[in-house]
Colleague: 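Take a look at the following structure, please.
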Amino acid sequence: MKGLCILGATGSIGVNTLDVVARHPDRFQVVALTGNCRTETLLKQCLKHRPAYAVMVDARAASELRRQLKAEGLTTEVLAGAEALVEVAKLPEVDYVMAAIVGAAGLLPTLAAARAGKRILLANKEALVISGPLFMDAVRASGAELLPIDSEHNAIFQCLPPGFRAGIAPPAVRRILLTASGGPFLTTPLEDLAKVTPEQAIAHPKWEMGKKISVDSATMMNKGLEVIEASLLFAVPPERIEVVIHPQSVIHSLVDYQDGSVLAQLGNPDMRIPIAYGLAWPERIDSGADALDLFEVARLDFQPPDFKRFPCLRLAFEAARAGGTAPALLNAANEVAVAAFLERKIPFTGIAGLIEHTLNAIPAAAAKDLEAVLAADTSARRFAAAQLAAFEEKR
Ligand code: NAD
Ligand code: MG
């Protein structure tokens with residue numbers, strides 16, 4: 001029996017994780033579930049999975065959840081605040097931590113799980129992107145197992161020889177080929193991009209996901225963050241990572257070996273597949289996903305990304321090459337820009353502009369410790385927010 005903590009249980013990845021877990025009551029015991037501010041979903045999850053702990057970051061929501069759980073006769077202990085996320089991530093009865101909070105908010109609890117030597121199932125790519133080598137050092141020092149849940153990285157992980165350890169370069173790999181669907185605007189005329197709405201941007205053609213990652217997929221910043229994620233997880237420089245647009249989203253990524261062999265992982269676009277693989281590795285268990293029907297898929301298309309259409313992808317490659325605090329600056333500016341777009345404060349095409357402006361204004365420094373990384377995150381958020389305020393005033 002493995003004790004499981006799900007950080008971000010109420011989101012898309014959290015819900016899919018509980019779906020897989022419910023199929024295997026003999027293997028996993030849910031120890032802790034966390035959410036941000038809405039109690040309804042977490043309450044239902046607690047009633048079904050009966051965790052020892054539940055965390056709501058928002059204090060008022062935590063009191064509400066405490067009251068409701070008590071009324072239902074549950075003994076689940078409800079904790080409040082961002083510090084409680086860190087506490088539950090390192091509990092001794094927790095073996096596996098699913099890191100599924102969105103954005104930089106997941107950094108400290110995910111890092112705590114790394115320091116505590118847990119098996120980390122990493123969906124929260126932003127946590128790794130921001131802290132980079134510091135995070136990988138924490139994993140190495142504690143002997144934690146860092147397993148990728150992001151479908152592309154999970155596919156690569158499945159295509160690597162046995163004995164995978166995150167941060168150690170696998171032998172004889174020439175290139176990593178990261179596939180991307182291209183999102184909803186792959187063929188939209190460039191002049192129409194400025195007018196696209198949040199509703200259009202979050203309507204992803206292949207995957208059902210949270211809003212932030214859906215917008216990131218539409219700008220291809222998601223693929224940019226994934227390039228940085230892959231370079232850390234698999235210890236390959238960004239020059240040896242190639243982005244391949246593959247609109248069917250059936251091949252989830254590929255490894256190109258020195259002998260000319262290319263290994264790929266295929267499957268329906270269903271996050272329960274990588275989640276089940278991370279939970280059971282090195283075994284395989286039922287995930288609930290449908291079998292792939294190749295006759296229905298019929299064809300697989302590939303094309304190179306257009307950096308003019310997707311300037312966020314260019315910015316992410318530049319940040320990957322620059323290293324240091326550049327990825328943290330990129331991520332923070334992107335989080336501010338995506339939130340502003342979702343609130344209709346800037347146009348879709350303003351996302352890349354705001355990020356580029358922030359990166360030009362704040363020089364990257366060495367990411368020598370966590371403080372340096374957090375300072376970069378804060379300064380990029382401040383700068384981007386000030387730019388937004390000035391933009392609003394002009395409007
Ligand atoms: P989501 O928006 O559906 O869920 C986010 C979760 O984080 C929720 O449980 C929410 O309560 C919690 N949360 C939000 N803000 C918080 C805060 N400030 N403090 C604590 N908790 C907070 O997002 P998602 O689609 O499930 O994505 C989660 C992560 O997984 C992201 O990093 C995303 O990039 C990554 N990911 C998601 C998918 C997918 O299919 N959804 C695929 C690959 C990677
Ligand atoms: Mg992905």
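Source: prediction; values computed, not measured.
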Colleague: Are more than 12 heavy atoms, taken from residues, nucleotides or ligands other than Arg23, located less than 6.0 Å from that residue's CZ atom?
Modeller: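 Check passes, neighbour count above 12.
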Colleague: Let's go through Lys345 and Phe341 carefully: what are the C-alpha distance in whole Å and the side-chain angles of both, what is the deciding distance for side-chain contact (heavy atoms from CB on, under 4.5 Å) to 0.1 Å, and is it a yes or a no?
Modeller: CA-CA 6 Å; Lys345 291 180 180 161; Phe341 167 67; over 6 Å; no
Colleague: Distance check, rounded to the nearest 0.5 Å: Arg66 atom CZ versus Glu64 atom CD?
Modeller: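 Rounded to the nearest 0.5 Å, the CZ-CD separation comes out at 11.0 Å.
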Colleague: For Phe157 together with Tyr277, are the ring centres under 6.0 Å from each other?
Modeller: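 Centroid distance Tyr277-Phe157: below 6.0 Å, so yes.
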Colleague: With hydrophobic residues grouped by side-chain heavy-atom distances under 4.5 Å, do Val215 and Ile213 end up in a single group?
Modeller: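 Same cluster: Val215 reaches Ile213 through Ile, Leu, Val, Met, Phe, Trp or Tyr contacts under 4.5 Å.
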Colleague: Are Trp281 and Phe164 close enough that their ring centers fall under 6.0 Å?
Modeller: no
Colleague: Hey, mind stepping through Asn331 and Glu335 against side chain to side chain donor-acceptor pair (under 3.5 Å) and telling me if it holds?
Modeller: CA-CA 6 Å; Asn331 178 72; Glu335 286 191 29; 2.9 Å; yes
Colleague: Starting from the C-alpha separation in whole Å, work towards a yes-or-no answer on side-chain contact (heavy atoms from CB on, under 4.5 Å) for Leu7 and Leu33.
Modeller: CA-CA 6 Å; Leu7 301 168; Leu33 296 175; over 6 Å; no
Colleague: Working note: Val31 + Val88, criterion side-chain contact (heavy atoms from CB on, under 4.5 Å); need CA distance, chi angles, decisive distance, verdict.
Modeller: CA-CA 9 Å; Val31 175; Val88 294; over 6 Å; no
Colleague: Using every non-hydrogen atom in the two residues, find where Val236 and Ser231 come nearest and quote the distance to one decimal.
Modeller: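 Smallest interatomic distance, heavy atoms only, reads O-CB, 3.0 Å.
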Colleague: Has Glu199 got more than 12 heavy atoms of other residues, nucleotides or ligands less than 6.0 Å from its CD?
Modeller: yes
Colleague: Is Phe317 reachable from Ile355 through a run of I, L, V, M, F, W or Y residues, each pair having side-chain heavy atoms under 4.5 Å apart?
Modeller: yes
Colleague: Does CZ in Arg60 sit with more than 12 non-hydrogen atoms of other residues, nucleotides or ligands closer than 6.0 Å?
Modeller: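 No.
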Colleague: Please lay out, stage by stage, how Asp216 and Asn334 fare under the test side chain to side chain donor-acceptor pair (under 3.5 Å).
Modeller: CA-CA 9 Å; Asp216 284 349; Asn334 181 56; 3.0 Å; yes
Colleague: Between Lys125 and Glu152, does the salt bridge (charged side-chain N to carboxylate O under 4.0 Å, His left out) criterion hold? Intermediate values first, please.
Modeller: CA-CA 12 Å; Lys125 65 196 86 184; Glu152 297 76 3; 5.5 Å; no
Colleague: Do any N or O atoms from the side chain of Ser379 and from the backbone of Ala375 form a donor-acceptor pair under 3.5 angstrom?
Modeller: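 A pair under 3.5 Å: yes.
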Colleague: Which label fits Phe348 and Phe185: parallel for a plane angle under 30°, tilted from 30 to 60°, or perpendicular past 60°?
Modeller: perpendicular
Colleague: Do Ile101 and Leu91 share a hydrophobic cluster (ILVMFWY, side-chain heavy atoms under 4.5 Å, transitive)?
Modeller: yes
Colleague: Provide the closest heavy-atom pair for Ile228 versus Ala316 in the form atom of the first, atom of the second, distance.
Modeller: CD1-O, 4.0 Å
Colleague: Check the hydrophobic clustering (I, L, V, M, F, W, Y; side-chain heavy atoms under 4.5 Å; chains of links allowed) and say if Val262 and Ile156 are grouped together.
Modeller: no
Colleague: Just checking Glu93: does its CD atom have more than 12 heavy atoms from other residues, nucleotides or ligands closer to it than 6.0 angstrom?
Modeller: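 Enclosed: over 12 neighbouring heavy atoms sit under 6.0 Å from CD of Glu93.
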Colleague: Answer with yes or no whether the hydrophobic clustering places Ile273 together with Leu233; edges join I, L, V, M, F, W, Y residues whose side-chain heavy atoms lie under 4.5 Å apart.
Modeller: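 Unlinked, Ile273 and Leu233 end up in two clusters.
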Colleague: Measure the OG-CG distance between Ser249 and Leu266 for me, rounded to the nearest 0.5 Å.
Modeller: 11.5 Å
Colleague: Report, as yes or no, whether the 6.0 Å neighbourhood of atom CD on Glu191 holds more than 12 heavy atoms from other residues, nucleotides or ligands.
Modeller: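 Yes, because the 6.0 Å sphere around CD of Glu191 holds more than 12 heavy atoms from other groups.
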Colleague: Once side chain to side chain contact (heavy atoms under 4.5 Å, CB included) is applied, do any residues pair with Ala180, and if so which ones, sequence neighbours excluded?
Modeller: Met220, Lys223, Val243
Colleague: Start with the C-alpha distance between His204 and Ser181, add both sets of side-chain angles, then the distance that settles side chain to side chain donor-acceptor pair (under 3.5 Å), and finish with yes or no.
Modeller: CA-CA 9 Å; His204 195 277; Ser181 72; 3.2 Å; yes
Colleague: State plainly whether the residues Arg175 and Asp256 are in salt-bridge range, i.e. N to O under 4.0 Å.
Modeller: yes
Colleague: Only one of Thr10, Thr34, Thr39 forms a side-chain contact (heavy atoms from CB on, under 4.5 Å) with Met56, so which one is it?
Modeller: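 Among Thr10, Thr34, Thr39, the one that satisfies the side-chain contact (heavy atoms from CB on, under 4.5 Å) with Met56 is Thr39.
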Colleague: CD of Glu40: more than 12 outside heavy atoms within 6.0 angstrom?
Modeller: no
Colleague: Hey, mind stepping through Asp19 and Arg272 against salt bridge (charged side-chain N to carboxylate O under 4.0 Å, His left out) and telling me if it holds?
Modeller: CA-CA 8 Å; Asp19 182 283; Arg272 292 176 300 178; 3.1 Å; yes
Colleague: Give me the one residue out of Met271, Glu226, Gln265 that meets side-chain contact (heavy atoms from CB on, under 4.5 Å) with Ser151.
Modeller: Met271
Colleague: Kindly confirm or rule out a cation-pi arrangement of Arg314 over Phe307, judged by NZ or CZ under 6.0 Å from the six-membered ring centre and within 45° of its axis?
Modeller: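 Not satisfied by the 6.0 Å and 45° rule.
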